[in-house]
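Heads up: the structure comes next, in structure tokens.
Scope of the values below: all heavy atoms of this structure, side chains included, with no hydrogens, waters or symmetry mates. Since the structure is predicted, the reported quantities are computational estimates derived from the model, not experimental observations.
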Amino acid sequence: MTAGFAHAEFSAQELEAFDNEPPVIKDLLMRANVLVGDEDDPDGVWKAADMYCKAARYGSAEAVYRLGMLYAFGRGVPENRDYAANLFGIASTHGHYEAQKMLETLEIKTSATPPCVLDDVAPEKGLSGVTLVKETPEIDQYIANLPKNKRWVLRLVNTISKWYKVDEKLVLSIISVESNFENVATSNKEAQGLMQLIPDTAERFNVKNAYNASQNIKGGVAYLRWLLAYYKGDVALTIAAYNAGEGAVNKYKGIPPFAETKQYVKKVQARYPFKTHAYDAQITAPSPALNAINAKRRL
């Protein structure tokens, strides 16, 4: 381990990325990575952004990508999707895989670049904290008691949910039941990560690494958005299908009679008690079983 970082935690993927950089850039990236995870320093992420800016000026695609992530999620710096998309575009031209993946979500509309990447100036500071919308007491209480080492997930959910127009509290409720906010959670059915994506679902929504938090949440939220359209905003059916698959929901014309699924729906709905959710009808045609499901419910 590099001197001065004996107590820092780095993933194997991060160490590989850092080791491919010249010493001065590697040092900046490692110092910034520690600051991003420092919950006790309110300016830690902004300081990290400044280091990413410096490393970006040295020509580091990894630094450009990481700075783009901070702008995409409004961490340390103001949320700015134009900056983020352009930074991902720059990093992707240098072959940065994660940046290329982010461009599937963010469209490059301008060539706007943060001034700190172009000149030796500090990046602007953003607002701290995460704002949750709507009052759903049980999930609010759960989030209020979430340990500090798990709270970083909130900002990812907040931003990605906005991109996909899915209520973040539905996503948070799903994560709380699926993984209890454990990024490396793995089930006995090979479901992986925060939103417990099974390999087929991960492949379906183009998630290459289900233990990468951003990819995992993007894949899970994309699946929720699809299910909401498929079941025309019916939250109970969406939750049931997220657990058991839409095939099972269609087959049984409603929530499948599986003990696990019934308990799952009950837990999620206790935290997210809304019956309907807005949906985009252009995403997919509705389930062919919807009429039968609604008729069954009226009996």
Side-chain angles (χ1 to χ4, degrees), residues 11-13 97-98 100-106 153 156-157 160-161 163-168 170-269 271-272 277 279-290 292-293:
S11 68
Q13 185 178 9
Y97 174 76
E98 296 292 342
Q100 293 170 356
K101 294 297 299 176
M102 289 303 296
L103 283 176
E104 294 179 4
T105 301
L106 289 175
V153 177
L156 283 174
V157 171
I160 293 173
S161 296
W163 293 350
Y164 287 91
K165 297 182 179 179
V166 175
D167 188 345
E168 66 178 308
L170 173 57
V171 180
L172 292 169
S173 298
I174 292 283
I175 292 175
S176 70
V177 174
E178 287 283 358
S179 67
N180 192 29
F181 285 75
E182 293 290 347
N183 190 40
V184 295
T186 304
S187 78
N188 56 8
K189 296 180 181 179
E190 297 186 24
Q192 300 172 339
L194 290 163
M195 298 195 71
Q196 289 289 276
L197 303 180
I198 61 172
D200 285 348
T201 302
E203 182 178 3
R204 178 178 172 184
F205 291 94
N206 203 23
V207 175
K208 303 300 183 184
N209 178 7
Y211 294 113
N212 176 289
S214 295
Q215 288 189 40
N216 186 286
I217 295 171
K218 284 171 60 182
V221 175
Y223 186 32
L224 282 175
R225 181 181 65 166
W226 187 91
L227 288 171
L228 286 166
Y230 190 61
Y231 291 113
K232 299 180 71 172
D234 189 303
V235 172
L237 296 178
T238 294
I239 295 171
Y242 192 90
N243 176 262
E246 59 269 22
V249 172
N250 291 345
K251 176 182 177 180
Y252 290 101
K253 298 180 176 58
I255 297 173
F258 311 144
E260 176 191 327
T261 301
K262 290 193 291 185
Q263 185 65 18
Y264 178 85
V265 173
K266 182 178 179 180
K267 285 182 178 179
V268 176
Q269 287 199 303
R271 294 174 182 176
Y272 190 81
H277 186 296
Y279 65 93
D280 184 348
Q282 297 183 354
I283 291 175
T284 185
S287 164
L290 260 182
I293 291 172

Value for OH (Tyr164) from CG (Leu224), rounded to nearest 0.5 Å, stands at 11.5 Å
Asn216 side chain to Asn209 backbone, donor-acceptor under 3.5 Å: no
Here the gap from Glu190 atom CD to Asp200 atom CG, rounded to the nearest 0.5 Å, amounts to 9.5 Å
Quick note, ring-ring contact (aromatic ring centres under 6.0 Å, His included) partners involving residues 183-203, not counting sequence neighbours, are none
Solution key, residues 253-263 side-chain donor-acceptor pairs under 3.5 Å, sequence neighbours excluded:
{"from": "Glu260", "atom 1": "OE1", "to": "Lys189", "atom 2": "NZ", "distance (Å)": "3.2"}
{"from": "Glu260", "atom 1": "OE2", "to": "Asn243", "atom 2": "ND2", "distance (Å)": "3.3"}
{"from": "Thr261", "atom 1": "OG1", "to": "Asn243", "atom 2": "OD1", "distance (Å)": "2.7"}

Ile174 versus Tyr272: any side-chain heavy-atom pair under 4.5 Å?
no
Residue pairs passing the salt bridge (Lys or Arg N to Asp or Glu O under 4.0 Å) test with at least one member in residues 233-251, sequence neighbours excluded, are Arg204-Glu246, Asp234-Arg297
Quiz item: Would you say His277's side chain and Leu228's backbone share a donor-acceptor pair under 3.5 angstrom?
Solution: no
Donor-acceptor pairs are to be reported for all side-chain atoms of residues 279-289 against protein atoms at under 3.5 Å, with residues two or more places apart or in another chain.
{"from": "Asp280", "atom 1": "OD1", "to": "Gln282", "atom 2": "N", "distance (Å)": "2.9"}
{"from": "Ser287", "atom 1": "OG", "to": "Asn250", "atom 2": "OD1", "distance (Å)": "2.8"}
{"from": "Ser287", "atom 1": "OG", "to": "Ala289", "atom 2": "N", "distance (Å)": "3.1"}

For Lys101 and Lys218 the tightest heavy-atom approach is O-NZ, 3.3 Å
Sequence neighbours excluded, the answer for ring pair (Phe, Tyr, Trp, His ring centres under 6.0 Å) partners of Phe205 is Tyr223
4.5 Å side-chain heavy-atom contact, Leu290 and Tyr230 = no
Scanning both residues in full, the closest heavy-atom pair of Ile175 with Val153 reads CD1-CG1, 4.4 Å
Output for pair (Gln100 CD, Leu103 CG), nearest 0.5 Å, gives 8.0 Å
In terms of heavy-atom contacts, Tyr231 and Ile293 come closest through CE2-CD1, 4.4 Å
Nearest heavy-atom contact between Gln196 and Ala185 is NE2-O, 3.1 Å
Scanning both residues in full, the closest heavy-atom pair of Ser161 with Val171 reads OG-CG2, 3.5 Å
Scanning both residues in full, the closest heavy-atom pair of Leu194 with Ala213 reads CD1-CB, 3.9 Å
Distance col, row Ile239:CD1 vs Leu170:CG, nearest 0.5 angstrom, shows 6.0 Å
What I'd like to find out is whether the side chain of Leu237 reaches to under 4.5 Å of the side chain of Lys232, using heavy atoms alone. no
Taken to the nearest 0.5 Å, the spacing of Leu156 CG from Ser214 OG works out to 4.5 Å
d(Glu203 CD, Ile198 CD1) to nearest 0.5 Å is 11.0 Å
Sorted by chain and number, sequence neighbours left out, salt bridge (charged side-chain N to carboxylate O under 4.0 Å, His left out) with Lys267 holds for none
